[in-house]
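Before any comments, here is the structure.
Lettering of chains follows the sequences in order, A, B, ..., and the numbering in each one begins at 1.
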There are 2 protein chains.
Amino acid sequence: MPNATIRDVAREAQVSVASVSRALNGHERVRPELRARVQEVAARLGYVPHAGARSLSLARTSAIGVVLPDLHGEFFSELLRGMDREVAAQGLALLLTVLQDGRGLNTLAALRGQVDGLVVMAPQLGAAELRAQLPAGLPAVFLNCVPGLAGAALRVDNAAGAAAMVDHLVAAGARTIAHVAGPVGNVDAEERRAGAVAAAERAGVALTVVQGDFTEASGAAAAAQVARGAIRADALFAANDAMAIGALVALKGHGVAVPRQVRVAGFDDIPLARLVTPALTTMRVDIAALGARAVQLLARRIVAPAEGLVEVDPAGAEAIVPRLVVRDTTTETDRETQS
Amino acid sequence: MPNATIRDVAREAQVSVASVSRALNGHERVRPELRARVQEVAARLGYVPHAGARSLSLARTSAIGVVLPDLHGEFFSELLRGMDREVAAQGLALLLTVLQDGRGLNTLAALRGQVDGLVVMAPQLGAAELRAQLPAGLPAVFLNCVPGLAGAALRVDNAAGAAAMVDHLVAAGARTIAHVAGPVGNVDAEERRAGAVAAAERAGVALTVVQGDFTEASGAAAAAQVARGAIRADALFAANDAMAIGALVALKGHGVAVPRQVRVAGFDDIPLARLVTPALTTMRVDIAALGARAVQLLARRIVAPAEGLVEVDPAGAEAIVPRLVVRDTTTETDRETQS
DNA sequence: CTGAAAGCGCTTACAG
DNA sequence: CTGAAAGCGCTTACAG
C-alpha cells in the first residue's frame, strides 16, 4: 500500500485537511482534543508529510546544497562532517553535488526547488562561469572561490598560514627554502605560494619554487632534486601534506637526514601527518569548523537574504587562519607544540 | 526578481504551459518550430524547472538518500566518492544524512518525498528499529546492516579476503601462522578470523589466534609474544593494518627480520600501509566500488521495486571481495603486485 | 476554533 | 500537434 496522505488522516480523524495540517504543525488555534485525535490517527497510519509537496507550498525546502570539486581524501570528509554538524543543529538536510570537470553545466541550475541555498566550493571555476551556473536568487556561500561573487565568502587564509610556516622554518635555522607548489590555477596553491614568497622576502632568505601538483609523487620528485643537489635547500616546504609526506619518504630513501640536513613542512595537518616518521610539522586548518561556519552563514542568508547585518565582511571574505603545528620534521626535539 | 516559471515561458513564447512542458522534456509530438521557440525563450529567461513541483507531479524526485552512522575518516569519503560516481552517471542527486545516536527517530521518515530510495549503513541499529524508522514503500539497499531487512543487502566479503591472505602467506613459504584477531563482537573481525582459520585448515598449516583489538598496541603485544618465542610463527597476519603496523614496528624493535624470519600482513590497505618500511602486504577493500554498487542496486530497485530479477542474491547479501596487495612484508622483492 | 477554496509549479491524460 | 483542465500533496489567508 502506498504512503498515507494528509487526506487519509483527515478522513480517518473526521476533520478537514486544513485542521490536520494545523494540528500537526503546532498551530495555536487548535482544540486540544482535535489535535490529540489527529496525532493519534497520524501515528496509527504512519503518516509523514510529503517533503516535496510541503516545499512547493512553503517555497522552502529545508535542504541546502553543497557543491564540491571532488571527494578525495580526508579534507572533504572533515568538511562534510562540520557541515553536517551544523545542518543537523538547524534541522536542515544536505544535498551533495560533486562538480567535476566533465559534469554538465546545468548541474547547479537543476538544484532549483530542491534546496534553499548553496555552499559552493569551486576553486576551478571563474566568477563568470559560476555566476552563469547558479540559479538566480538562490542564497550562496562561497568557500575558497574567486572573489567578487554575490554571496558571503569564506576562505582559509592560506597566505598568512604559509607566511607563518616560512617564519617558523627561518626561526628553526633554515636559510634556503624550496617551496613545492600545488597545481597551477588552484587558488589554495597560489595563495600559499604567494604567502611563502612574501615571507621569505621579508625574512631575507632564499626561496625557490618547485612546481608540484598536490600528489605524493610530485613531492617525492621535488625531494629527489633536493637530495641530488639539483636544488639547494635546507628546508622543503610543500603546499600540502601529501606532497610533504612524499618528499619526506623520498629524502629518507636518498639518505638525507630530516630535519638535520633538510627540514620538511607541509600544510593541512591530515591525520597521516602525525603518523609518519619523523612526524610532520604542518599548518592545521580546522576544516570541520570551516564547514560548520559556512552552513551557519548560509542559514542566516536564507532567513534574511538581503540584510546588510548578515554580511560578515562586506569588503571581502571572512577568513579562517590556520594554526602552526610544530612536530619533528623541523625541530630536533620530540615535543609537539601548537601556537 | 524571482525565478521564471513555466507560465512565464508560456506567456513569452505564446503557447500553453503544456506545450512548454512537452517541448522542454523532449516529447515527440511537438512541432520543431514551436520547440525551438520555447527553447529560445526558456534560455533567455533562464528558466529552470522547479524540482519540487516536478517531483510532486511525477511522484519521483531523482534523488536518493544515503544514511551513514558517521563521517569520520577516509572510509566515508571513499564510500561517498563511489556513490557520487554512480549517482552522477544515473543523473541522480545525493541527499546525505548522518544518523548519530542522539538524532531524532524520525530523521529517516522525514525523507519521504525528498528521495526515491535509500542506501542505509546503520550497523548500530537492530532490524526492528530500522524497519520502524524507514518510510514504508521506499526502496532501500543496506550496507553492513543486520540481515533480514526488506531490501538488497551488500557487504564486504571479509572471510574470502582473509582466506586469500592465508593462501598467499602459505605460497610465500609460511607454515605456522599467528592471526591477530580484532575485538570480540566486531562483525568484520569475526569474519576475518573465521576465513583465516578455514583457509589454514584447508592448506594444512598451523594457525594460532591471538586476541587483539584493532589498535597498534595490541598488534605490538602480539608481535612481542612471537619475538620471544611464546608463540611460534613464521607469519603474523593481523585482522587490520593498524595492528599489523604495530606488530611490524615491534618485530623490528626485537631484531626480528621481516619478511625473512616472520612475514607480516594486514587488512584494509590504509594509506599508511604503503609508507611504513618495509611496505605492508595487505588486503585492499575497494570502498568506492562498494558505494557505487550500492547506488546501482538502488537505482534498479527504484525502477522495478518488486521484480525478482533485480534481486542479486535472494538468499543473503551480495559481497564485495577485497583484493590482495602484495608488498614487502611478505616477499623479498620490492615490486608491488596486485592480484 | 474550523472548513472550503485557492494556490505553489509542474505533468499528462483527454479532447480536439 | 496543441490547449484546457485535473491533479500531485501540502499550507494558509479568508470566512464563518
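Picking from dC1(D), dG9(C), dG9(D) the nucleotide with the shortest atom distance to the side chain of Arg112(B) gives dG9(D). Out of dC8(C), dC10(D), dC8(D), the shortest distance to the side chain of Leu56(B) is found at dC8(D). Counting only heavy atoms from C-beta on, His50(B) has its side chain closest to dC10(C) among dC1(C), dT11(D), dC10(C). Distances were taken from every side-chain heavy atom of His27(A) (C-beta onward) to each of dT12(D), dC1(D), dC8(C); the shortest belongs to dT12(D).
Distance check on atom P: dC10(C) versus dC14(C) gives 24 Å, rounded to whole Å. Only the P atoms considered, dA13(D) is 23 Å distant from dG9(D), to the nearest whole Å.
Between Val30(B) and Ser57(B), the one whose closest nucleotide on DNA chain D sits nearer the 5' end is Val30(B).
Taking the side chain as every heavy atom from C-beta outward, Asp8(B) and Tyr47(B) never approach each other to under 4.5 Å. Residues Val120(B) and Val141(B) fail the side-chain proximity criterion, which asks for heavy atoms closer than 4.5 Å.
At a cut-off of 3.5 Å, with distance as the only test, no side-chain donor of Gln133(B) or Glu129(B) sits close to an acceptor on the other residue.
The environment of CZ in Arg7(A) is sparse: at most 12 heavy-atom neighbours from other residues, nucleotides or ligands sit within 6.0 Å. Gln14(B) CD: 12 or fewer foreign heavy atoms inside a 6.0 Å radius.
Near DNA chain C, meaning a heavy atom under 4.0 Å from it, residues 7-21 of chain B has Ala18(B), Ser21(B) in order of number.
With both pairing distances under 3.5 Å, dA4(D) is matched to nothing as a Watson-Crick or G-U wobble pair.
Using a 4.0 Å heavy-atom distance criterion, Arg29(A) is classed as a base contact.
One finds no salt bridge joining Arg81(B) and Asp84(B) here, because no Lys/Arg side-chain nitrogen approaches an Asp/Glu carboxylate oxygen to under 4.0 Å.
Taking 3.5 Å as the limit, the base of dG3(D) and the side chain of Arg22(B) contain a donor-acceptor pair of atoms between them.
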